Amino acid sequence: MQRAIHILTIVILPLITLTLGWQLGMRYEYQQLENQFQELEFLFGGDSGSGHTIVSPEEEVNLSLMWAVWRLLLKHYIEPQDLQVQTMLYGAVGGLVRAVDDPYSVFMTPSENEAFHESLDGTLQGIGAELTLRQDQIIVVAPLKGSPAAATGLQPEDVILAVDGEDIFGETLDEVVQRIRGPKDTDVTLTIRRKGGWEPREMTIRRARIEIPSVEYERRETESGSIAYIEINQFADNTTEEVEDALQILQKEPIDGIILDVRYNGGGYLDRAVDLVSMFLKQGKVVSVGRKEGEPEAHYVYGRPIDTTTPLVVLINEGSASASEILAGALQDHKRATIIGKKSFGKGTVQEIFELPGGSSVRITVARWFTPNGRDLGKEGIEPDIDVDLTAEDTEEGRDPQLEEAMEILLESR
């Protein structure tokens, strides 16, 4: 009996010792983590969001919390090889900007910054659609003319729910854009919900190299007269010169009216919008830019107009945003043009791009736009003088009621 007890003791005691050691080790580890958490809570809890506006973050903000979390990751994270310094740094900076909760203020990594500038230059690879973030949803502002997105039937105000079957809720605008972009001749599948209510559906789009012509134009001849039609797809570097050239060519012979088409134009540079308005007004305000301090800064026409008398129509729709709205709003307020189509998108803020070391950049909302009569473009958008629908059936059958209405208005005014 004593021999059996002795053997049992020899077997059980090490097990008990091992169990106690493991429990003590776990308690010690938990205690260490608890102490670290309490220290962090003591150091950093409480004062954020107090409404205090800082001037010098280097001097006024204690970044010990970020360094402490970084050290915790280095010490405890199970896959240390995944802790890529540059990726983590970009993530921290991106989160800082994202926390402002403004969809138009965005940090861009070098690859995102390069893609952004390529899109402004008029060349990119993808589906060809401008997107925005509104109320935590990725919304289509406009498919670009002649793009795969337009050919497949993507429309303004479509809500993107998933990309290639992966839910994108909570992702930033640029994260979703990077998911959608890709090499030409490859497919991407979007799950979308259309305004008005049908159930979500999948739409597979073949990516392509997108070359966006800034300006396209033609002379439209009818039995009743001649119309100069100028389609402005974006407000890019060369847009001013291209519109000037178009007007010179189209006005070599008499015309009865001019149509500026900025439907599905998501905008571009503010200066280009001022340039275009200056072509059609002798004098007056184009837009006011309200910054965080001081009185709004007014931008006026340059005083070197090209045509101030020929009847003018501007076509807009739900995809007309930013600089397109500045153009339409100024010409409408000065009663220089009749606005035809549907209410514009309503993107009334100004972003400035700050280039950063290493090829990254940050786009920051710095001001709001107001029309000459004081309308806030972000809140009101542009209401057309004549509301005309353009349905999917119209597009499929080659009809354009908005353009037809513009032609009719101009030719009747002769």
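Just so we're clear, the structure is a prediction, and the values are computed from it rather than from any experiment. We're numbering straight along the sequence, starting at 1.
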> Do you know the tightest heavy-atom contact between S147 and I210?
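So the two residues come closest at CB-CD1, 4.4 Å.
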
> Among E112, R363, R98, Q351, exactly one meets side-chain contact (heavy atoms from CB on, under 4.5 Å) together with V106. Which residue is that?
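Per the side-chain contact (heavy atoms from CB on, under 4.5 Å) rule, the option paired with V106 is R363, out of E112, R363, R98, Q351.
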
> Other residues, nucleotides and ligands only: do more than 12 of their heavy atoms fall within 6.0 Å of CG on D82?
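Yes, the 6.0 Å shell around CG holds more than 12 heavy atoms from other groups.
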
> Would the distance check show the side chain of N317 and the main-chain N or O of Y264 forming a donor-acceptor pair, the cut-off being under 3.5 Å?
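Yes, N317 side chain to Y264 backbone: donor-acceptor pair under 3.5 Å.
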
> Any side-chain to backbone donor/acceptor pair from D164 onto V188? Under 3.5 Å, distance only.
no

> So V85 and W70, do their side chains get closer than 4.5 Å, heavy atoms only?
yes

> Please check if the number of heavy atoms outside R368 that lie under 6.0 Å from its CZ is greater than 12.
no

> State, yes or no, whether a side-chain contact exists between E355 and N113 at a heavy-atom distance under 4.5 Å.
yes

> Go through the side-chain N and O atoms of T132 and Y104 and say whether any donor and acceptor fall under 3.5 Å apart.
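The answer is yes; a qualifying pair exists.
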
> Salt-bridge test for E218 and R220: reply yes if a basic N is under 4.0 Å from a carboxylate O, no otherwise.
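R220 and E218: salt-bridged.
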
> Donor-acceptor check, side chain of H334 to backbone of K285, threshold 3.5 angstrom: yes or no?
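Confirmed, H334 side chain pairs with K285 backbone.
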
> Are any of the side-chain nitrogens in D387 or K342 under 4.0 Å away from the carboxylate oxygens of its partner?
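A salt bridge is present here (some side-chain N lies under 4.0 Å from a carboxylate O).
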
> To the closest 0.5 Å, what do you measure between CE (M407) and CD1 (I259)?
5.5 Å

> Minimum heavy-atom separation for A367 and V289, please, with both atom names.
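Taking every non-hydrogen atom into account, CB-CG1, 3.2 Å.
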
> I need the E157 CD to F345 CZ distance, nearest 0.5 Å.
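Going from the CD atom of E157 to the CZ atom of F345 covers 6.0 Å.
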
> Could you walk me through whether Q402 and D394 satisfy the side-chain hydrogen bond (donor to acceptor under 3.5 Å, both in side chains) test, starting with their C-alpha distance in whole Å, then the side-chain angles of each, then the deciding distance to 0.1 Å, before giving a yes or no?
CA-CA 10 Å; Q402 295 168 340; D394 289 328; over 6 Å; no

> How far apart are the closest heavy atoms of V163 and I168, and which atoms are they?
CG2-CG2, 3.9 Å

> If I compare all heavy atoms of A149 with all of G128, which pair ends up nearest, and what's the gap?
CB-O, 3.6 Å

> Taking the side chain as every heavy atom from C-beta outward, state whether E130 and K347 have any pair of such atoms under 4.5 Å apart.
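E130 vs K347: side chains apart.
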
> Run D187 and T204 through side-chain hydrogen bond (donor to acceptor under 3.5 Å, both in side chains) and show every step you take.
CA-CA 7 Å; D187 291 337; T204 298; over 6 Å; no

> Give the intermediate values and the outcome of side-chain hydrogen bond (donor to acceptor under 3.5 Å, both in side chains) for residues S64 and N62.
CA-CA 6 Å; S64 300; N62 187 341; 2.5 Å; yes

> Judged by modelled atom types alone, do Q81 and E79 share a side-chain donor-acceptor pair under 3.5 Å?
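A donor-acceptor contact under 3.5 Å links the two side chains.
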
> Are the side chains of R206 and P148 in touch, meaning some heavy atoms are under 4.5 Å apart?
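Of all side-chain heavy-atom pairs linking P148 with R206, none is under 4.5 Å.
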
> How far apart are the closest heavy atoms of L411 and I227, and which atoms are they?
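Looking at all heavy atoms of both residues, the shortest contact is CD2-CD1, 3.9 Å.
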
> Could you check whether atom CZ of R71 has more than 12 heavy atoms from other residues, nucleotides or ligands sitting under 6.0 Å from it?
no

> Treating E242 as the side-chain partner and V215 as the backbone partner, does any N or O pair qualify as donor plus acceptor under 3.5 Å?
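The answer is yes, because a donor-acceptor pair under 3.5 Å joins these two groups.
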
> Closest heavy-atom contact between V301 and V286?
CG1-CG2, 3.6 Å

> When you compare the side chain of L247 with that of F280, does any pair of heavy atoms fall below 4.5 Å?
yes

> Can you tell me how far CG of N265 sits from CG of L144, rounded to the nearest 0.5 angstrom?
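The CG atom of L144 sits 9.0 Å away from the CG atom of N265.
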
> Return yes when atom CD of E241 has more than 12 non-hydrogen atoms of other residues, nucleotides or ligands closer than 6.0 Å, and no otherwise.
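Above 12, so yes.
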
> For a 4.5 angstrom cut-off between non-hydrogen side-chain atoms, does V243 reach D275?
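No, side chains not in contact.
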
> Check whether the side chains of D307 and Q251 place a donor and an acceptor atom closer than 3.5 Å, and report yes or no.
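The criterion, which ignores hydrogens and geometry beyond distance, is satisfied for Q251 and D307.
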
> What's the spacing between I382 CD1 and D333 CG if we round to 0.5 Å?
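Those atoms lie 7.0 Å apart.
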
> Could you measure the distance from the CD atom of E352 to the OG1 atom of T365? Nearest 0.5 Å is fine.
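If I round to the nearest 0.5 Å, the distance is 11.0 Å.
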
> Set out, in order, the CA-CA distance, both residues' side-chain angles and the distance that settles side-chain hydrogen bond (donor to acceptor under 3.5 Å, both in side chains) for Q234 and S214, then state yes or no.
CA-CA 5 Å; Q234 61 178 346; S214 176; 5.2 Å; no

> Examine the side chains of N373 and Q332 and answer whether a donor and an acceptor come within less than 3.5 Å of each other.
no

> Report the distance from atom CH2 of W369 to atom OG of S288, rounding to the nearest 0.5 Å.
13.0 Å

